[in-house]
Amino acid sequence: MLLFETVREMGHEQILFCHGKNPDIRAIIAIHDTSLGPAMGATRLFPYINEEAALKDALRLSRGMTYKAACANIPAGGGKAVIIANPENKTDEILRAYGRFVNSLNGRFITGQDVNITPQDVRTISQETNYVVGVSEKSGGPAPITALGVFLGIKAAVEFRWQTQRLEGLKVAIQGVGNVGRNLCRHLHEHGIKLYVSDVNPVKTEDLKRLFDATVVSPDEIFSVDVDIFAPCALGGILNSHTIPFLQAPIIAGAANNQLGNEQLHSQMLAKKGILYCPDYVINAGGLINVYNEMIGYDEEKAFKQVHNIYHTLLEIFNIAKQQGITTNDAAKRLAEDRILNVKRSKSKEIAA
């Protein structure tokens with residue numbers, strides 16, 4: 001990876017490499033764009049295969065947060081942080097050292113909870129900085145509202161694809177049934193949808209089999225199940241040249257970040273197969289909406305109204321893609337970039353005045 005060239009191409013404002021010897025910490029904070037407001041993005045702790053993989057993850061996720069905030073009409077920019085570590089080696093000392101790095105940015109970056117970071121970890125980080133959300137989960141945490149947003153996105157995709165709002169009788173395959181996937185299963189089951197579930201943890205899938213009469217599928221087979229909708233709700237990069245040929249679902253709508261292995265190539269592959277793809281940073285924006293509202297003072301009615309806008313935003317994106325003959329991924333980027341550009345123009349006029 002050519003570092004400076006990659007950062008320039010992706011449009012990042014700042015990359016912070018955090019390193020310490022006592023405790024030993026390696027972390028990357030990526031700030032993509034702060035045109036709409038301070039960069040918001042959760043922190044992920046993961047044993048990346050190498051530093052390049054960690055940087056690539058931070059760069060893509062932070063850019064996705066910029067687009068996510070813009071599409072959700074949230075006055076925030078995009079950022080992301082990764083801590084390169086094995087979860088078993090996580091300590092309070094590492095978390096507090098990381099908190100000091102976040103604090104050194106003086107509010108340009110506001111973080112929260114992602115993979116392998118628990119609510120208690122967030123509270124530990126908050127001992128060193130106020131620029132962290134989710135310290136006290138006034139709304140019950142981001143998973144339920146993220147799942148609601150994905151469910152609403154599924155409704156939008158079904159309406160656009162088949163000109164119907166009826167969900168009963170549809171079949172949905174959910175890859176990954178953690179907190180978000182499990183909540184999504186509940187919404188779908190309540191609307192008469194047949195569930196097919198997979199997860200690396202068999203205890204989770206057996207529980208959903210008991211609760212919702214879900215059919216358990218192996219992780220290797222979940223891509224090829226004959227269903228109406230495929231919902232990726234685990235880690236990213238799962239829509240790629242190897243998996244896309246196996247897909248039978250005409251709609252992809254899930255909560256995972258960075259679902260496309262290669263944005264241009266694989267969004268085009270999906271389009272050529274006639275698959276309607278719900279851009280991940282649009283459909284899974286419920287988590288960002290949740291933490292943003294907690295930060296400014298939680299108003300449940302306002303937060304749920306913003307989440308319901310995911311439905312309308314996706315319909316707008318689908319129509320843009322159809323009218324302009326582009327992928328839904330490109331349509332979502334254009335929508336986000338137009339909104340950011342409009343804010344920049346307004347700020348320029350204010351300065352000029």
Side-chain angles (χ1 to χ4, degrees), residues 13-32 34 36-47 54 57-58 61-62 64-66 68-69 72 74-146 178-180 257 284-300 302-303:
E13 295 178 2
Q14 184 177 9
I15 311 295
L16 181 67
F17 293 89
C18 313
H19 178 260
K21 292 184 177 180
N22 189 20
D24 182 20
I25 179 173
R26 290 182 298 157
I28 301 170
I29 299 174
I31 296 176
H32 180 254
T34 56
L36 301 181
M40 293 190 70
T43 297
R44 172 174 296 187
L45 187 147
F46 197 77
D57 207 22
L61 288 167
S62 57
M65 289 301 295
T66 295
K68 183 180 296 189
I74 296 295
K80 196 72 178 183
V82 298
I83 300 174
I84 306 170
N86 193 303
E88 287 77 17
N89 297 330
K90 180 175 60 178
T91 65
D92 285 356
E93 289 74 22
I94 288 175
L95 294 171
R96 292 189 64 168
Y98 169 68
R100 292 192 289 274
F101 283 118
V102 172
N103 200 58
S104 70
L105 290 167
N106 296 315
R108 273 177 54 77
F109 175 64
I110 299 167
T111 195
Q113 178 189 349
D114 199 348
V115 176
N116 293 322
I117 296 291
T118 67
Q120 180 54 50
D121 294 337
V122 169
R123 288 188 279 274
T124 301
I125 293 169
S126 73
Q127 293 177 32
E128 301 291 343
T129 182
N130 291 324
Y131 304 119
V132 58
V133 292
V135 177
S136 58
E137 295 180 337
K138 302 177 182 66
S139 63
I145 200 166
T146 301
N179 291 335
V180 176
N257 285 312
N284 70 10
L288 173 62
I289 292 168
N290 184 76
V291 296
Y292 174 77
N293 279 278
E294 286 194 357
M295 183 178 69
I296 64 174
Y298 199 75
D299 181 329
E300 185 176 34
K302 180 180 178 182

List the residues meeting salt bridge (charged side-chain N to carboxylate O under 4.0 Å, His left out) with D114, not counting sequence neighbours, and say none if there are none.
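Partners of D114 under the salt bridge (charged side-chain N to carboxylate O under 4.0 Å, His left out) test: R44, K80.
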Checking E13 now: which residues fulfil salt bridge (charged side-chain N to carboxylate O under 4.0 Å, His left out) with it, not counting sequence neighbours?
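Partners of E13 under the salt bridge (charged side-chain N to carboxylate O under 4.0 Å, His left out) test: R108.
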Tell me, with the steps shown, if I25 and C18 meet side chain to side chain contact (heavy atoms under 4.5 Å, CB included).
CA-CA 7 Å; I25 179 173; C18 313; 5.5 Å; no
Quick check: do [X] and [Y] have side-chain heavy atoms less than 4.5 Å from each other?
X	Y	result
L105	I29	yes
V133	M295	yes
I83	Y98	yes

As an exercise, state the distance from [atom1] of [X] to [atom2] of [Y], rounded to the nearest 0.5 Å.
X	Y	atom1	atom2	value
I94	D24	CD1	CG	7.0 Å
S126	N103	OG	CG	11.0 Å
H32	T66	NE2	OG1	5.0 Å
H19	I84	NE2	CD1	10.0 Å
M40	T34	CE	OG1	13.5 Å
L16	F109	CG	CZ	10.0 Å

For residues [X] and [Y], report the shortest heavy-atom separation together with the two atoms involved.
X	Y	value
A58	I28	CB-CG2, 4.2 Å
D121	I117	OD2-CA, 3.6 Å
I125	G99	CG2-CA, 3.8 Å
G112	V122	C-CG2, 4.2 Å
A39	G78	CB-O, 3.5 Å
A285	A72	CB-CB, 4.2 Å

Is a side-chain N or O of [X] found less than 3.5 angstrom from the main chain of [Y], in a donor-acceptor match?
X	Y	value
T111	G41	yes
T124	D92	no
T146	N284	no

